[in-house]
Q: 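A single structure is presented below for examination.
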Amino acid sequence: MTSKGLNIWDVYTTNASVVLDGSTGQTACNSYYFYEKDVDALKSLGVSHYRFSISWARVLPNGIGQVNQPGVDYYKRLIAALKAANIEPMVTLYHWDLPQSLEDMGGWLNSSIADWFEEYARLCYTEFGNDVKIWITINEPWVVAYQGYGSGINAPGRYGPGTFTYQAGHNLILAHARAYRLYESEFKPTQQGKAGITLNINWYDPKDDQVSSQEAAERAMQFLGGWFANPIFGNGEYPAVMRQKVDEKSAAQGYNPSRLPVFTAEQKLLVQGSSDFFGLNYYTGSLTINKIQDISIVDYSADQDIETSYDPSWYGSGSSWLKITPFGMRNTLKWIRDRFNDPDIIITENGFSDNAGNLDDLMRVYYYKHNINNVLKAIKDGVKVIGYAAWSLMDNFEWGSGYTQKFGIFNVDFATADLNRTAKASGRYYAQLIRDNGFTADQPCNNYPIGY
Ligand SMILES: CCCCCCCCCCCCC/C=C/[C@@H](O)[C@H](CO[C@@H]1O[C@H](CO)[C@@H](O)[C@H](O)[C@H]1O)NC(=O)CCCCCCCCCCCCCCCCC
């Protein structure tokens, strides 16, 4: 009995048809009981940091109000075990698991969520802030806004692809900024840490040399990354191209005001500059051309007037959306540097899926080798990358794909109650890279990894 409250994934997955294998995240890797196994795995890798998230409903079962002390104590045990192993915690406040009680009041569509999130952030900074020096407020607001409230393929499964999407996005930005400002004014002076947001930005390459394709690719990058980055790291507004497209389409569709909200002067001040670093999750890339969409479609995807595809020569993965495109890592890093004032960047996720979870995961080794090499190239280009975290330490519950897609560099034996973690070839390769502090003459980037 852990006294945690229900979150939206607990409730959403009671409908077995929304997850590919009908599974839930109820037990998953069971880090609540097996966190020491996680710390052992991390020690064997030799990492300096571990990124994990706090589950809001575990510490505040109703999202606000009564604190669940066993939940707080659990995170204290985990943090203490990490510190004892010389591993710094890098903690995400929100990784998609909203307390159901708050969803029942509208969730990310209710503007009061900025108050609720600030209360939750205050609890976390107070309880854990002496030991946590890197805070990530929100993981991938794009996924929350579009997949949670737009297409509805993630919890809470709401459908409003051209309306709710932007409303949720707006509230996510404001809630992030409130949590950041709280840290900045009340905790940073004594705790001396950093706080920021993590955005998922995959690379859109123009499919051909046409100017319209180049413009389409840039537009897609702005709709994906600029949507959140421009208000926070740029001029405090949504990207100009997004403003223009959504405003024009809204007017033609009879929406007044525009489906894309506007920041008030006060909100702009709150939001602009509200991140000490740029958290980036990079996985993949795609090709883009200009394609004017039917004006009757009220959808964030159609608002972009693009068409995307994959090059058939790119290696695939266990996820339909994830192709191996390491060049996109370097391009995305440079794109961020050039448009958002050369921020410090922490790559908070980068990883590869398969469906088997096999220990001899050579494609994952290939993925990491070339993506990390492209991070190094970007650093040589002058991009300020200050951190890198692989996704993921271990195979786990992959949202709507359940346990069918494995991203771990450790396999988890889901067939036994012990849920033992075993290093894959990628885990051993990653440990070697850390030991060598990069590629070496013996293990160059273009060579086979150790042991193969
Ligand atoms: C036919 C050609 C179509 C080309 C389409 C090109 C580009 C489309 C890009 C679509 C993006 C799909 C959504 C991706 C989401 C990820 O950014 C997100 C990342 O989340 C983080 O990553 C970890 C791994 O997922 C995750 O565990 C971690 O917690 C998280 O922080 N991942 C997700 O949101 C997971 C769910 C994704 C489900 C996407 C299903 C829809 C896929 C549609 C893509 C069309 C691809 C069709 C390909 C057909 C090939 C013949």
Side-chain angles (χ1 to χ4, degrees), residues 2-10 31-32 35 38-39 49-83 87-103 107-108 112-141 144 171-199 232 270 274-277 279 346 348-349 387 389:
T2 65
S3 324
K4 86 172 192 54
L6 290 179
N7 68 54
I8 54 176
W9 279 92
D10 293 325
S31 289
Y32 189 77
Y35 69 92
D38 301 347
V39 177
H49 290 71
Y50 178 48
R51 176 172 179 254
F52 66 91
S53 62
I54 294 176
S55 180
W56 189 342
R58 188 177 288 291
V59 293
L60 285 167
N62 296 310
I64 47 177
Q66 185 69 41
V67 173
N68 175 37
Q69 195 57 42
V72 171
D73 293 344
Y74 161 64
Y75 291 111
K76 287 195 169 169
R77 285 196 298 280
L78 170 59
I79 290 168
L82 291 168
K83 302 285 280 189
I87 298 169
E88 283 296 319
M90 172 158 60
V91 179
T92 303
L93 291 175
Y94 188 71
H95 198 132
W96 309 355
D97 51 350
L98 190 70
Q100 182 63 35
S101 324
L102 300 184
E103 177 55 30
W108 289 103
S112 297
I113 199 156
D115 298 330
W116 307 334
F117 192 61
E118 189 189 69
E119 178 180 331
Y120 165 55
R122 179 183 294 283
L123 173 71
C124 294
Y125 300 151
T126 304
E127 293 289 347
F128 314 119
N130 285 337
D131 289 315
V132 175
K133 300 304 164 202
I134 304 179
W135 291 100
I136 293 154
T137 55
I138 292 171
N139 178 66
E140 301 188 349
V144 180
N171 289 332
L172 282 153
I173 293 169
L174 294 173
H176 149 78
R178 287 276 295 279
Y180 175 84
R181 297 297 176 202
L182 172 70
Y183 188 71
E184 182 186 44
S185 61
E186 295 188 34
F187 294 90
K188 195 176 187 178
T190 51
Q191 296 182 347
Q192 302 280 305
K194 292 176 193 291
I197 191 166
T198 279
L199 307 182
I232 295 170
L270 176 79
S274 63
S275 200
D276 295 327
F277 56 85
I346 301 178
T348 42
E349 286 182 27

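Just so it is clear, the values below take in all heavy atoms, side chains as well, and ignore hydrogens, waters and symmetry mates.
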Q: Angle class for the W56/Y120 ring planes (parallel below 30°, perpendicular above 60°, tilted otherwise)?
A: parallel
Q: Using every non-hydrogen atom in the two residues, find where P141 and L172 come nearest and quote the distance to one decimal.
A: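 Scanning both residues completely, I find the closest heavy atoms to be O-CD1, 3.5 Å.
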Q: Given 3.5 Å as the limit, does a donor-acceptor pair link the side chain of S275 with the main chain of I197, or not?
A: yes
Q: Look up atom CD in E88 and atom NZ in K83, then write down how far apart they are to the nearest 0.5 Å.
A: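 With rounding to 0.5 Å, CD (E88) is 4.0 Å from NZ (K83).
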Q: Could you give all pairs that pass the salt bridge (charged side-chain N to carboxylate O under 4.0 Å, His left out) test and reach residues 186-198, with sequence neighbours left out?
A: R122-E186, K188-D276
Q: Got a second to check how far I54's CD1 is from C124's SG, nearest 0.5 Å?
A: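 Reported to 0.5 Å precision, the distance equals 4.0 Å.
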Q: Examine distances only and state if a side-chain atom of Q66 and a backbone atom of P61 form a donor-acceptor pair shorter than 3.5 Å.
A: no
Q: Any side-chain heavy atom of I232 sitting closer than 4.5 Å to one from Y180?
A: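 They are not in side-chain contact.
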Q: If you measure from CD1 on I138 to OH on Y94, what distance do you get to the nearest 0.5 Å?
A: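 These two atoms lie 8.0 Å from each other.
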Q: Using every non-hydrogen atom in the two residues, find where A179 and F117 come nearest and quote the distance to one decimal.
A: CB-CE2, 3.6 Å
Q: Which pairs count as salt bridge (charged side-chain N to carboxylate O under 4.0 Å, His left out) when at least one residue sits in residues 65-77, sequence neighbours excluded?
A: K76-E127
Q: So, taking the atom named CG in L102 and the one named CD1 in I8, what distance separates them when rounded to the nearest 0.5 Å?
A: 10.0 Å
Q: Quick check: closest heavy atoms across L60 and P99, and the distance to 0.1 Å?
A: O-CG, 4.4 Å
Q: Using 0.5 Å steps for rounding, measure from the CG atom of L93 to the NE2 atom of H176.
A: 11.0 Å
Q: Is there a side chain to side chain contact (heavy atoms under 4.5 Å, CB included) between V39 and L78 once you walk through the steps?
A: CA-CA 8 Å; V39 177; L78 170 59; 4.3 Å; yes
Q: Does D97 have any salt bridge (Lys or Arg N to Asp or Glu O under 4.0 Å) partners at least two apart in sequence or in another chain, and if so, which?
A: none
Q: Closest heavy-atom contact between S31 and Y74?
A: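 For S31 and Y74, the tightest heavy-atom pair comes out as O-OH, 3.1 Å.
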Q: Is the Y75 ring parallel, tilted or perpendicular to the F52 ring (thresholds 30°, 60°)?
A: parallel
Q: Who are the salt bridge (Lys or Arg N to Asp or Glu O under 4.0 Å) partners of D10, not counting sequence neighbours?
A: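 With neighbours one apart ignored, the set is K4.
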Q: List in chain and number order the residues that pass side-chain contact (heavy atoms from CB on, under 4.5 Å) with R181, two or more places apart in sequence or in another chain; answer none if no residue qualifies.
A: E184, L270, S274
Q: Within the 4.5 Å heavy-atom criterion, are I134 and F277 side-chain neighbours or not?
A: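 Result yes, sub-4.5 Å side-chain heavy-atom pair found.
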Q: Just one of W135, Y125, F128 clears the ring-ring contact (aromatic ring centres under 6.0 Å, His included) bar with F187, so which one?
A: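 Of the listed residues W135, Y125, F128, the ring-ring contact (aromatic ring centres under 6.0 Å, His included) partner of F187 is Y125.
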Q: Answer whether the closest heavy-atom distance between the side chains of Q191 and V132 falls below 4.5 Å.
A: no
Q: Quick one: are N62 and W116 in side-chain contact, heavy atoms under 4.5 Å?
A: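 N62 does not reach W116 side chain to side chain.
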Q: Could you pull out all residues at least two apart from N139 that satisfy side-chain contact (heavy atoms from CB on, under 4.5 Å)?
A: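 Residues passing side-chain contact (heavy atoms from CB on, under 4.5 Å) with N139: R51, T92, H95, W96, T198, N281, E349.
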Q: Which heavy-atom pair separates Y35 from A81 by the least distance, and what is that distance?
A: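 Closest pair (atom of Y35, atom of A81, distance): CE1-CB, 4.0 Å.
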Q: Nearest 0.5 Å, please: how far is CD in Q100 from CG in N7?
A: 8.0 Å
